[in-house]
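Reviewing the structure listed below.
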Amino acid sequence: MTHPPAPRDPVFPATPAPGGAGAGAPARAGGFGTRGMRPSEKATPGGAKQHNRTLVLQTLHGAGPLSRADVARATGLTKVTVSGLVAELVEEGLIRELGQRESPRPGKPAILVDLARDAFAVVALDLSDHLTMRGAVVTIDGAVLSRAEVERAGATGAAASDLALSLAAELTAAATVPLLGVGVGTPGVVDDAGVVRTAPNLGWEGLPLRELLAEHTGLPTVVANDANVAALSEYSFGGTSDSFILITIGHGVGSGLVIDGHPIVGSRFASGEIGQVMVGTDLGLDAPYSRDQVLEHWLSVPSLTAATGATHTPADRARVLREAGQRLGIALAPVVGALNLAEIVLAGPLDLIDGTLAEATLDILRRRTMPDTHGDLVLRTSTQGADLILRGATATVLKEQLGIS
């Protein structure tokens, strides 16, 4: 397996260049920093060249084929600067020339350039499902080149981590294009060194998953919480605004939050643990914390499936979904009010979350927040389908290795 040539400077000061050794590389492996994810203007002199490289890549990533003059206009960089950066990126294989643009104007037509969208790929792992670990080789554009999966069969602890390692190795060996790295979306609290501090469903405590995968595959690796990864997927591939919250509804309930293009991780890397928040006042205001009263009790897929199965009437099903949506609305109202969010994205099985549940959530949000703040509030389901976390895991690597999202 060959890897893409390393850029002359790392994308971020502590980020391994594409193709660099994974095991010893000082990666910002959490995948979520405090800066905005998309550069939008030319840099000040200090780190200008590297910033401007990233700006060119981000511009092409979002806009598609452009001429060098188009890139200069879009970025505010000089034509000379753009020409030099494009030449370097073409040499590295990250950009390719596509030929002349058709134009009715006299003179020599401009040559279009674009990201080499099918030239590199990422090994992406989705560890969020309680039954199956899934993986894929995914291109820069989010297209899946190959897939693999392994049944968990109840594996936890070392047995579960061994399954993840073998899945990554299988996909790495099967890749037919150079790999930028490995991206992972996992349940649990993940710190910025890629250590899974706790993931009860997988039986992990203090697991150095980034380090294990980097050593096992020889590739730069990014590990992040699955809900944060899902939010990055929507941000990179789903056309969201720069400020939104994504709620993932699966075996548990989590959320990923992006504000003004900045992913929010929290003081202890546990932002988004909305599923563990007590909702409602069923036990009275003096009641202590109770796992039986947290949002997951009403909203997780196992709970919803058990309460809406074939043995239940349509009226029972509607009542359960309505209450679940109401509980979600109760949990979200303070968040929407405090942050003045205008967009909420729900991700999970559409037969459960779309319709009654989503409508009940939006109704409660409108009832419990100031009318002037929610006039343009949008609540929708994710557009990414079953590959939401795989595409998000890919996006974490693109962000860390190329600076694009």
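Model, not experiment: these values are computed from the prediction.
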Mind checking salt bridge (Lys or Arg N to Asp or Glu O under 4.0 Å) for Glu323 and listing every partner two or more places apart, or none if nothing turns up? Arg327
List for me each residue that meets ring-ring contact (aromatic ring centres under 6.0 Å, His included) alongside His251, sequence neighbours excluded, and say none if there are none. His130
Using the ring-ring contact (aromatic ring centres under 6.0 Å, His included) rule, collect all pairs that involve residues 143-201, keeping only residues at least two apart or in two chains. none
Value for CG (Leu209) from CH2 (Trp204), rounded to nearest 0.5 Å, stands at 5.0 Å
Would you indicate whether the side-chain heavy atoms of Ile95 and Val56 approach each other to under 4.5 Å? yes
Pairwise side-chain contact, Leu388 with Thr383, heavy-atom cut-off 4.5 Å (strictly under): no
CG of Leu94 to CZ of Arg117, rounded to nearest 0.5 Å, is 12.5 Å
To the nearest 0.5 Å, how far apart are CG in Leu212 and CG in Leu207? 5.5 Å
Counting only pairs under 3.5 Å, give me each side-chain donor-acceptor contact of residues 158-165, with atom names and distances, residues two or more places apart or in other chains.
unit_1	atom_1	unit_2	atom_2	d
Ser161	OG	Ala158	O	2.9

Do we see a donor-acceptor contact under 3.5 Å between the side chains of Glu234 and Thr240? no
Quick one: does Thr221's side chain have a donor or acceptor within less than 3.5 Å of a partner on Leu219's backbone? yes
Within this structure, what is the OG-CD1 distance for the pair Ser382 and Ile353, rounded to the nearest 0.5 Å? 8.0 Å
Go through the structure and list residues passing side-chain hydrogen bond (donor to acceptor under 3.5 Å, both in side chains) with Gln100, not counting sequence neighbours. none
Would you check if the side chain of His312 reaches a backbone N or O of Ala306 as a donor-acceptor pair within less than 3.5 Å? yes
Of all pairs that satisfy salt bridge (Lys or Arg N to Asp or Glu O under 4.0 Å), the ones with a partner from residues 119-132, not counting sequence neighbours: Asp126-Arg134
What ring-ring contact (aromatic ring centres under 6.0 Å, His included) pairs are there with at least one residue in residues 151-191, not counting sequence neighbours? none
How many angstroms lie between OG1 in Thr132 and CG in Leu127, if you round to the nearest 0.5 Å? 11.5 Å
So, using salt bridge (Lys or Arg N to Asp or Glu O under 4.0 Å) as the criterion, who are the partners of Asp118 when residues are at least two apart? Arg96
Taking the side chain as everything from C-beta on, heavy atoms only, tell me whether Asp242 gets closer than 4.5 Å to Ile259. no
Just wondering, do Leu112 and Leu66 contact through their side chains at under 4.5 Å, heavy atoms? no
Pairs flagged by ring-ring contact (aromatic ring centres under 6.0 Å, His included) wherever residues 382-405 is involved - sequence neighbours left out: none
By the salt bridge (Lys or Arg N to Asp or Glu O under 4.0 Å) test, which pairs, at least two apart or in different chains, include something from residues 341-362? Glu343-Arg380
Starting from the C-alpha separation in whole Å, work towards a yes-or-no answer on salt bridge (charged side-chain N to carboxylate O under 4.0 Å, His left out) for Glu97 and Arg68. CA-CA 10 Å; Glu97 293 186 334; Arg68 289 167 173 81; 2.6 Å; yes
Looking at CG of Leu55 and CG of Leu77, how far apart are the two atoms once the value is rounded to the nearest 0.5 Å? 5.5 Å
Summary of salt bridge (Lys or Arg N to Asp or Glu O under 4.0 Å) pairs that have at least one residue in residues 144-161, sequence neighbours excluded: Arg147-Asp387
With sequence neighbours left out, what residues match Arg197 under side chain to side chain contact (heavy atoms under 4.5 Å, CB included)? Val189, Asp191, Phe269
Quick one: are Val397 and Val182 in side-chain contact, heavy atoms under 4.5 Å? no
Going by heavy atoms in the side chains, are Val253 and Thr248 under 4.5 Å from each other? no
Do the side chains of Asp363 and Arg366 get close enough for a salt bridge, i.e. N-O under 4.0 angstrom? no
Heavy-atom distance under 4.5 Å between the side chains of Leu125 and Leu171, does that happen here? yes
Between Thr361 and Gly325, is there a donor-acceptor pair closer than 3.5 Å when you use the side chain of the first and the backbone of the second? yes
Look at the side chain of Thr305 and the backbone N and O of Pro302, then say whether any donor-acceptor pair between them is shorter than 3.5 Å. no
Measure up the His61 and Phe237 rings against each other and bin them: parallel (under 30°), tilted (30 to 60°), perpendicular (over 60°). perpendicular
Is the closest side-chain heavy-atom distance between Asn52 and Thr75 below 4.5 Å? no
